[in-house]
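Remember, predicted model here, so these are calculated numbers, not experimental data. Each chain gets a letter, A, B and so on, in the order the sequences are listed, and its residues count up from 1. Because only heavy atoms are used, hydrogens play no part in the values below, and waters and symmetry mates are left out as well, while side chains stay in.
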Amino acid sequence: MRAVIVEDLALLREGIVALLRENGIDVVAQAEDGPGLERIVSGHKPDVAIVDVRLPPTFSDEGLRAAIEARRRHPELGILILSQYVEPVYTAELLESGEAGVGYLLKERVGEVRAFIDAVERVAAGGTALDREVVAELMRARTASGLDDGALGSLTPREREVLELMAEGRSNAAVARALVVSGGAVEKHVRNIFAKLDLPASDDDHRRVLAVLAFLRSGMAE
Amino acid sequence: MLLFVSGAAPSPSPSLSTKTLWSRDLLFHLAGLLTASVGIVLWATGFALSIGLAITYFGLIVALGTLLGCRWFARVERRRAAIVLGAPIAERYRPLQDARWTTRLYALIGDSTTWRDFAWTGLVGVVGMTLSSLAIGLWGAVLGLVTLPAWFWALPAGAEFGLFNIDTLALALVAAVAGIALAPLVGSIVRGLTVTEIAFMRWLLAPGREPAAPAADVAAADAPPPVALAPPRALHASFTLLIAVVVLLIWAMTGLGYFWPVWVWLGLAITVALRVVAERGWQARHDPVQAFRVKAELSGVIAAICWVIWALSGAGYVWPLWPMLGMATALGLRGLFVFRHRLPWIREQQLAERVDVLTRTRQGALDVQAAELRRIERDLHDGAQARLVALTMQLGRAEERVADQPELAALLRGAREDAGLAIAELRDLARGIAPPILADRGLAAAIEALGRRSAIAVTVEADPDQRPLPVVETAAYFVVAEALTNVAKHGGGAAARVRVQRVADDLVIEIADDGPGGADPDGGGLTGLRHRVEALDGTLTVTSPPGGGTTIRAQLPCGP
């Protein structure tokens, strides 16, 4: 697997590169700013780009904008955003920008090496990796808005847990591992959730996350 | 000018040693004879001229010159004392190097040392002259006796000494021996004269005892002791009284003619009046309004002097009107200058300027503060947070390598999780300082994010069209943040509605809830919000009837 990385702080950039290489991911190029992302993506055609949200010269959401633009130009490119902040708005913008793999993780998740490498591989393969904080915030917002008495509100606590893990991008098997239940039990929960939320059932990881997020976003937009 | 001269002597107050040579006594009195002549001339001329010319301003100048002259004379006298004391008598003057001439004037006239100097200059003509003449005369007699054998023959009728008429060498020799025998006696008498004069000098010329020198004289030598601001006036008063009585007696003894002592009295009264005013001026030297008042008093004193002189000189042509007119004009101009801030039109203009300055500087302070907060947030992001992330990463990698040693791996995981908590705490801190989404996406997005993050249900209605200034935006953001926190805390779980809209040039923010109401508009959190809003010339109103929910409305001007 070929990856590129865009991060302005050398300390972090070099650390992540070392981490990825140790785990068999080929880091083919590095850049420090938004324009650099476009350059290395068109030059190296990687499977996934790992991008910091805050980049020079503006130090605002330059990285996010560059990533969205890159996704538009290279529909096959997976984008994994790293940020110090949880911002569901950014996540939503990112999700809307294309069909390929996408991820949004807090920076400190790089310390959970296994999970991080999983996320990179999932995004490279076209899947989704959303930080649990992002999902939790979306869920909370959806619940707090009081609009979910009929939908989210009807989920059992276990189904909520399953939904949150699904939204993070985990497969049914991964959800089953995380909750220490059988795969069959998870599948049953998923079917129930989709039924309660009135979402079309699907086996495709990415599509079902999108479906969940589309639902969550409808709450955000209220 | 020297403030305090303690001389080379180790003791601050040198004493007369009994071992002092008679020759030093003699030198002291010889010099005294000389200085006494100078002093009496200076004093008498200065005093007479000052009073004589008092009718014109020139008299005042002469008076000031006389005072300065007396100071100079006193300093010479202090050094004359060194002949017998080994070191000059200490002196202490108020500093005259102040930039403003009025202050210098007050320092000169208001200083008790000046008047002691003045007194000594007058007294030296009586005390110094008498004592020194006596001393010189006595030594002259001894000298005459001792040298008699050498010159008695030159006198046609011999030298007469009371009953004795010395006209032979033998008698002259006897007289010479007697002279030699008398010398110790004369020495002792002259020593007595010296002691007397030194006592007078110490009384008048040594600094007053008010400020006790600190125990460590080393320090005293470096830093002059503070100058007493309230010099004793008793001395001045008693001297004045003494001279007044003396001239009255002289007048009485010289045949009760024209009552001239009144002029001397006038001169003495002037010294007292000027001194009192000068002391007040010295105290008021740092306050322009007080100083103006003292100048008015001074003008009053001068006017009074003029009128008294006019009355004493026969009440003829009413000339004092002229100096009064001059002084009134000067005083009026000075008053206009001192009280110019109270002139209505100038005051208004100054207030307007002040408001401009304050507005500008407040804006500047807010901008600086906002920039500073952004810088802190950036520093946290690029500094501590980044390092902690790197640390987390290293710990994670280490954890992978020791996967086969569960205890070690557990330790590393614990460390990584702690670092993760630290990162989360820093994140909350940074968001509280300057939320990045506000800078990135503007107020509407930031408030929506706030709503989502809140523990209660929040509906947001915000015009995202044009972005106000960053300071306004930040203030609005924190108003909403604080208000939502309040609702979550006191609202009993009630939902909140946030509305942000532009009304003309104002940004209006409203946060309403259906909670129990009864919020204290002066409570800690709301007061902080009000300060934030008012710093931007905005207003914050809190409507919170018990049982009727709470509405917080902030109006922030963001016009040009």
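With V389(B) as reference, L12(A) is the one residue of L106(A), L12(A), L11(A) to meet the side chain to side chain contact (heavy atoms under 4.5 Å, CB included) rule.
Around the CZ atom of R114(A), the shell of radius 6.0 Å holds no more than 12 heavy atoms that belong to other residues, nucleotides or ligands.
Within the 4.5 angstrom heavy-atom criterion, no atom of A495(B) approaches chain A. With a threshold of 4.5 angstrom between heavy atoms, R401(B) approaches chain A through side-chain atoms but not through N, CA, C or O.
At a heavy-atom cut-off of under 4.5 Å, chain B is reached by E22(A) from residues 20-30 of chain A, listed in order of number.
R397(B) contributes no side-chain N or O that, together with a main-chain N or O of V113(A), makes up a donor-acceptor pair within less than 3.5 Å.
Taking chain B as the reference chain and counting heavy-atom pairs below 4.5 Å, the highest number among E62(A), R65(A), E14(A) is found for R65(A). Among P436(B), G396(B), A439(B), the residue with the largest count of heavy-atom pairs under 4.5 Å with chain A is P436(B). Interface remark: of the candidates V86(A), T58(A), L19(A), L19(A) forms the most heavy-atom pairs closer than 4.5 Å to chain B.
Closest of all the heavy-atom pairs between V89(A) and I437(B) is CG2-CD1, 4.1 Å. Counting all heavy atoms, side chain and backbone alike, E87(A) lies closest to A449(B) at OE1-CB, 4.0 Å.
One finds the CD atom of E417(B) at 8.0 Å from the CD atom of E112(A) (value rounded to the nearest 0.5 Å). Taken from NZ in K107(A) to CG in L388(B), the straight-line distance is 12.0 Å, to the nearest 0.5 Å. Of the inter-residue distances, the one linking T392(B) atom OG1 with F116(A) atom CZ reads 12.5 Å to the nearest 0.5 angstrom. Note that CZ of R54(A) is 7.0 Å distant from CG of D440(B), once rounded to the nearest 0.5 Å.
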Using the rule given for salt bridge (Lys or Arg N to Asp or Glu O under 4.0 Å), can you reason through R427(B) versus E133(A), listing the C-alpha separation, both sets of side-chain angles and the distance that settles it, and then say yes or no?
CA-CA 13 Å; R427(B) 178 160 44 235; E133(A) 294 279 331; 5.8 Å; no
side-chain contact (heavy atoms from CB on, under 4.5 Å) evaluation trace for E108(A) with Q385(B)
CA-CA 9 Å; E108(A) 62 253 42; Q385(B) 280 179 306; over 6 Å; no
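For the pair R378(B) and F59(A), the cation-pi test (distance below 6.0 Å, angle within 45°) is passed.
With contacts defined as side-chain heavy-atom distances shorter than 4.5 Å, the pair R441(B)/Y90(A) qualifies.
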